[in-house]
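A quick write-up on the structure given underneath.
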Amino acid sequence: MPRYNPKEVEPKWRAAWAEAGVFRAENGSAKPKYYVMEMFPYPSGRLHVGHARNYAMGDVVARFKRARGFNVLHPMGWDAFGLPAENAAAERGIDPAKWTYENIAAMRGELQRLGVSIDWSREFATCDPEYYGQQQAWFLRLWKKGLVYRKDGLVNWDPVDMTVLANEQVIDGRGWRSDAPVERRKLTQWFLRITDYADELLESLATLDRWPDKVRLMQENWIGRSKGLRMTFPFAGEGVAGEPGVTVYTTRPDTLFGASFVALSPEHPLTEAMARGNPALAAFVEQCRKGGTSEAAIETAEKLGFDTGLRVAHPFRAGWTLPLWVANFILMDYGTGAIFGCPAHDQRDLDFARKYGLPVTPVVLPAGADPATFAVDDEAYVEAGRIFNSEFMDGMEVEAAKVAAIDRIEAMDLGEGATVYRLRDWGIARQRGWGCPIPVVHCEKCGAVAVPHDQLPVRLPEGMDFSRPGNALDRHPTWKHTTCPDCGGSATRETDTLDTFVDSSWYFARYANPGAAEPIDKDAADYWLPVDQYIGGIEHAVLHLLYARFVTKALRDEGMLAIDEPFAGLFTQGMVTHETYRRQNGEWVQPDEVEIATEGTTRRARLSASGEVVTIGDIEKMSKSKRNVVAPADLADSYGVDAARITVLSDSPPERDVQWTSAGVDGAWRLVGRIWSEFDAEPVIEPPDAARETEFRRATHRAIKAVTDAIEGWRFNSAIARLHEFVGVVRRFPEGGPARREALSALARLAAPFAPHLAEECWERLGEEGLVAATPWPVYDPALAEDDERVLPVQVNGKRRGEIRVRAGASESEVEKIVLDDPEIARRLEGLSIRRVIVVKDRIVNIVAA
RNA sequence: GCGGACGUGGCGGAACCGGUAGACGCAGCGGACUUAAAAUCCGCUUCCCUAUGGGAGUGUGGGUUCGAUCCCCACCGUCCGCACCA
């Protein structure tokens with residue numbers, strides 16, 4: 001009996017699939033559509049097992065849905081702009097486009113080798129001019145509409161990558177890619193008005209019922225809507241020329257009578273105005289700016305303040321004035337960049353007030369506290385209670401008092417109820433050469449002018465110089481010099497390019513018809529969208545998934561899409577992690593270059609080649625930069641693609657992170673061999689035995705049900721466990737006959753989403769027509785999948801004391817009689833009197849006795 | 001600090017609605033086949049004890065229930081997100 005030889009079998013079936021075109025999605029088919037996609041990869045050059053796991057998952061779903069009769073769209077593309085290509089260009093002096101397309105070719109080959117059932121006819125890369133030209137087209141439409149704008153402002157500057165970052169790309173004060181501390185810089189920037197959609201982005205999260213709660217919650221927190229009061233404290237006495245007062249935002253207008261100061265952000269325009277004539281204040285502002293961004297400075301969080309000497313008037317009591325401070329803890333980015341401080345009911349204000357000796361007046365009384373003696377010491381009281389010390393609000397609950405305060409301020413014309421968001425507009429310009437050019441020309445006379453539609457795409461030039469840091473597009477000798485589309489005079493092109501998150505914010509719509517002359521083929525998109533199942537990493541919970549939702553809504557309002565949300569279902573798969581290894585000189589080292597020795601409880605790592613000791617670092621997500629990658633190709637070389645696919649899917653539930661170990665591959669390889677040997681075996685000729693046939697058929701139908709349910713519930717690891725069991729069953733019934741044929745037919749089809757090549761080979765050996773990939777999923781007979789006899793455990797006082805056999809569906813009284821007649825149970829009940837017998841149909845019996 | 005998730009054998013994990021805890025795999029042990037090994041196949045494998053039986057057991061301590069890995073409360077631990085957000 002020859003062993004299964006994946007090296008011969010696998011390429012044969014991939015060729016057969018390609019020839020038959022079984023994975024081609026048909027626009028407008030009469031079948032129900034199903035759109036499943038994984039987040040497209042950055043073409044780093046090589047697939048690692050994390051990719052393999054991700055795409056294998058999507059492929060299981062795609063193959064399963066296809067077998068269930070759906071017209072499946074399972075596309076693939078490349079998120080191809082970005083810094084690694086520039087870095088490669090800088091290091092090796094090669095063209096980033098060449099580097100990128102070579103990587104794409106290599107990774108496409110690896111993905112194809114994995115046997116993922118992708119419609120390759122729809123493939124594109126975001127660096128294809130045909131793609132980014134269409135992106136430029138819709139970008140200009142949004143500009144025309146006012147959703148794109150330019151603004152001078154403080155931006156997050158990554159000093160290592162030498163580019164601007166969006167707020168979403170700053171993690172703990174550091175660049176999301178470079179990990180370098182982010183600086184604040186003043187720059188003219190391009191923005192997308194995502195805040196126009198803040199409410200809808202928040203509200204429609206509720207419609208995403210097939211998204212993980214965690215992701216919805218993270219987006220909710222990121223948008224950070226809060227309701228409160230925006231109001232102005234007029235200057236009392238001397239003020240700032242031309243300014244009526246200080247406008248603050250608060251969510252606690254109920255505590256206005258507890259106010260003891262008003263404070264401005266160091267970056268507030270009023271602060272800047274005052275600092276011009278006040279060197280001490282200017283020095284304070286400078287001091288705040290210095291410490292402001294570093295992680296350590298935020299952690300220690302010492303409250304610093306500067307008393308401007310000015311005073312503002314409290315709105316509710318004539319003659320009551322509050323001092324105006326500048327304080328380092330007030331963010332210019334949030335609310336109005338100014339607050340009123342109520343130390344008794346806000347911890348931060350309390351810390352500040354204690355430090356600078358400002359009054360602390362409680363105005364919210366906890367239930368049961370004595371208004372005469374209640375005081376706040378070092379801990380602000382932030383819970384519910386009744387308002388006191390507050391004139392017209394006295395006796396109200398907090399929520400009622402908020403309404404009353406807002407009403408009063410509105411009546412006085414000093415402010416109004418307001419909603420404020422944490423979400424900021426999306427800064428989309430990057431000072432990089434390898435990105436989608438912003439299709440705008442700057443003319444001295446006409447200003448910023450859109451490039452006319454018939455001149456799109458604005459293509460990147462060849463021969464950019466990446467050998468120095470900074471924007472290679474900007475310093476290209478000729479590219480930016482052009483003429484103004486309006487007046488024909490000399491003009492320069494915009495040399496900023498778009499954030500790569502723009503590229504990935506609409507690609508799912510382009511797959512519907514990637515050759516369309518418009519950005520989005522409306523008919524095709526109406527047919528395919530929304531994506532039924534999107535699969536990707538949790539790290540994109542806010543960034544990519546928020547941007548894609550926003551762009552979808554913006555394009556919908558342009559009439560380019562008919563959907564409100566791009567992704568009806570989202571699955572966030574776990575990451576594949578691995579230890580990291582680092583040489584003494586700081587270079588990262590790949591796991592396959594390292595040997596690990598265990599001495600007692602300590603583990604030491606050395607380079608296999610030289611014996612040099614390397615440091616064992618943290619367990620992290622596999623990434624090219626840390627070099628802690630394991631290539632699926634190595635697994636596939638030794639065990640075949642199917643075993644590799646089973647390995648990455650079998651050990652852990654899909655949503656969980658897994659620390660990579662090659663241990664599982666032996667089990668996967670055995671499964672492949674065991675399945676094959678059943679198809680390869682000569683059937684044993686035995687006289688028919690009706691009881692055995694029935695038993696076998698029951699097991700087959702149970703297996704079909706179990707595997708089907710597991711796939712539908714995204715329990716791929718359990719589905720594979722059920723396959724293991726089913727092969728064991730098939731093995732115990734070697735006699736040839738209809739039941740065996742039924743079992744083998746089912747086995748091949750159940751295995752197909754996981755081990756598609758093996759399944760085809762088995763299908764052929766069975767003598768079936770056509771490809772498994774184009775064959776309907778097996779259907780189980782419920783009557784066979786359910787046993788007609790049940791083994792019920794019998795408990796006495798909750799402890800298992802025996803079991804009985806009854807027919808399925810036996811009534812309570814029937815079961816009770818059988819239990820009480822059972823001699824073994826009777827022995828257990830000796831000397832006890834039965835209080836109660838609980839029978840759960842087809843499940844369990846519990847006798848309560850004392 | 002705020003919000004969330006998770007905690008089950010030597011290991012990865014299973015248990016879908018509150019109903020036999022540990023499916024399936026890995027590793028380990030024993031056996032078959034073999035001159036031998038590999039491969040393959042079969043069996044055992046939560047822990048403890050005075051062992052054809054009994055007891056304990058799903059991070060810890062309580063609670064609800066006939067019955068809790070599952071629900072509730074408190075605590076411990078791990079991980080993730082946000083964080084001077086007014």
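Chain naming here is simple, since letters A, B, ... match the order of the sequence lines and numbering starts at 1 in each.
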Can you see if the side chain of [X] gets near the phosphate of [N] - specifically, an N or O under 4.0 Å from OP1 or OP2?
{"X": "A:Arg836", "N": "B:C66", "answer": "yes"}
{"X": "A:Tyr249", "N": "B:A86", "answer": "no"}
{"X": "A:Arg674", "N": "B:C41", "answer": "yes"}
{"X": "A:Arg801", "N": "B:G53", "answer": "no"}
{"X": "A:Arg656", "N": "B:A14", "answer": "yes"}
{"X": "A:Lys799", "N": "B:A56", "answer": "yes"}

Which nucleotide wins on minimum distance to the side chain of [X], given the candidates [options]?
{"X": "A:Phe329", "options": "B:C42, B:C84, B:A23", "result": "B:C84"}
{"X": "A:Met218", "options": "B:A83, B:A86, B:G81", "result": "B:G81"}
{"X": "A:Leu331", "options": "B:A86, B:A27, B:C66", "result": "B:A86"}
{"X": "A:Pro653", "options": "B:C84, B:G13, B:G19", "result": "B:G13"}
{"X": "A:Trp222", "options": "B:G3, B:A83, B:A27", "result": "B:A83"}

So what does [X] touch, heavy atoms closer than 4.0 Å: a base, only the sugar-phosphate, or nothing?
{"X": "A:Arg348", "answer": "base"}
{"X": "A:Ser652", "answer": "sugar-phosphate"}
{"X": "A:Leu217", "answer": "sugar-phosphate"}
{"X": "A:Lys841", "answer": "nothing"}
{"X": "A:Glu725", "answer": "sugar-phosphate"}
{"X": "A:Val848", "answer": "sugar-phosphate"}
{"X": "A:Arg790", "answer": "nothing"}
{"X": "A:Arg731", "answer": "sugar-phosphate"}
{"X": "A:Ile330", "answer": "base"}
{"X": "A:Asn717", "answer": "sugar-phosphate"}

**Message:** Whether the side chain of A:Arg715 and the base of B:A14 hold a donor-acceptor pair under 3.5 Å is what I'd like checked.
**Reply:** no
d([atom1], [X]; [atom2], [N]) in whole Å:
{"X": "A:Asn797", "N": "B:G55", "atom1": "CG", "atom2": "P", "result": "12 Å"}
{"X": "A:Ile720", "N": "B:G12", "atom1": "CD1", "atom2": "P", "result": "18 Å"}
{"X": "A:Glu786", "N": "B:C16", "atom1": "CD", "atom2": "P", "result": "15 Å"}
{"X": "A:His578", "N": "B:G12", "atom1": "NE2", "atom2": "C1'", "result": "15 Å"}
{"X": "A:Leu546", "N": "B:C82", "atom1": "CG", "atom2": "P", "result": "13 Å"}
{"X": "A:Asp351", "N": "B:A86", "atom1": "CG", "atom2": "C1'", "result": "14 Å"}
{"X": "A:Ile223", "N": "B:G81", "atom1": "CD1", "atom2": "C1'", "result": "15 Å"}
{"X": "A:Tyr639", "N": "B:G25", "atom1": "OH", "atom2": "C1'", "result": "15 Å"}

**Prompt:** Measuring from A:Ile825:CD1 to A:Glu803:CD, what's the distance to the nearest 0.5 Å?
**Reply:** 9.0 Å
**Request:** Answer yes or no: does atom CZ of A:Arg210 have more than 12 heavy-atom neighbours from other residues, nucleotides or ligands under 6.0 Å?
**Result:** yes
**Item:** Neighbour count >12 (heavy atoms, 6.0 Å) for atom CD, A:Glu789
**Value:** yes
When the [atom1] atoms of [N] and [M] are considered, how many whole Å apart are they?
{"N": "B:U60", "M": "B:G10", "atom1": "C1'", "value": "23 Å"}
{"N": "B:A27", "M": "B:A21", "atom1": "P", "value": "29 Å"}
{"N": "B:G9", "M": "B:G57", "atom1": "C1'", "value": "11 Å"}
{"N": "B:C33", "M": "B:A38", "atom1": "C1'", "value": "13 Å"}
{"N": "B:G67", "M": "B:C17", "atom1": "C1'", "value": "15 Å"}
{"N": "B:C26", "M": "B:U45", "atom1": "C1'", "value": "13 Å"}
{"N": "B:C48", "M": "B:A15", "atom1": "P", "value": "28 Å"}
{"N": "B:C85", "M": "B:A5", "atom1": "P", "value": "23 Å"}

**Request:** Dump the intermediate steps for salt bridge (Lys or Arg N to Asp or Glu O under 4.0 Å) on A:Lys841 and A:Glu812, then the final yes or no.
**Result:** CA-CA 7 Å; A:Lys841 200 179 206 180; A:Glu812 282 187 34; over 6 Å; no
**Item:** Nucleotide opposite B:G1 in a Watson-Crick or G-U pair, distances under 3.5 Å
**Value:** B:C82
**Watson-Crick or G-U wobble partner of B:U69, both distances under 3.5 Å** = none
**Request:** Could you tell me how the ring of A:Tyr356 sits relative to the ring of A:Trp325: parallel (under 30°), tilted (30 to 60°) or perpendicular (over 60°)?
**Result:** tilted
**Asked** Closest nucleotide of RNA chain B for A:Gly335 versus for A:Asn221: which of these residues is on the 5' side?
**Response** A:Asn221
**Prompt:** For A:Thr250 and A:Arg843, take the nucleotide of RNA chain B holding the closest heavy atom to each; which residue's nucleotide lies nearer the 5' end?
**Reply:** A:Arg843
**Request:** Determine whether the side chains of A:Thr580 and A:Asn628 contain a donor N or O and an acceptor N or O closer than 3.5 Å.
**Result:** no
**Prompt:** Does a donor on one side chain and an acceptor on the other come within less than 3.5 Å for A:Tyr334 and A:Ser265?
**Reply:** no
**Anti/syn call for B:C44, syn if |chi| within 90°** = anti
**Asked** Mind telling me whether B:G28 is syn or anti, cutoff 90° either side of 0?
**Response** anti
**Heavy-atom pair with the smallest gap, counting every atom of A:Asn717 and A:Ser650** = CB-O, 3.0 Å
**Request:** Take A:Ile844 and A:Leu792, measure what side chain to side chain contact (heavy atoms under 4.5 Å, CB included) needs, and give me the verdict at the end.
**Result:** CA-CA 5 Å; A:Ile844 200 166; A:Leu792 304 190; over 6 Å; no
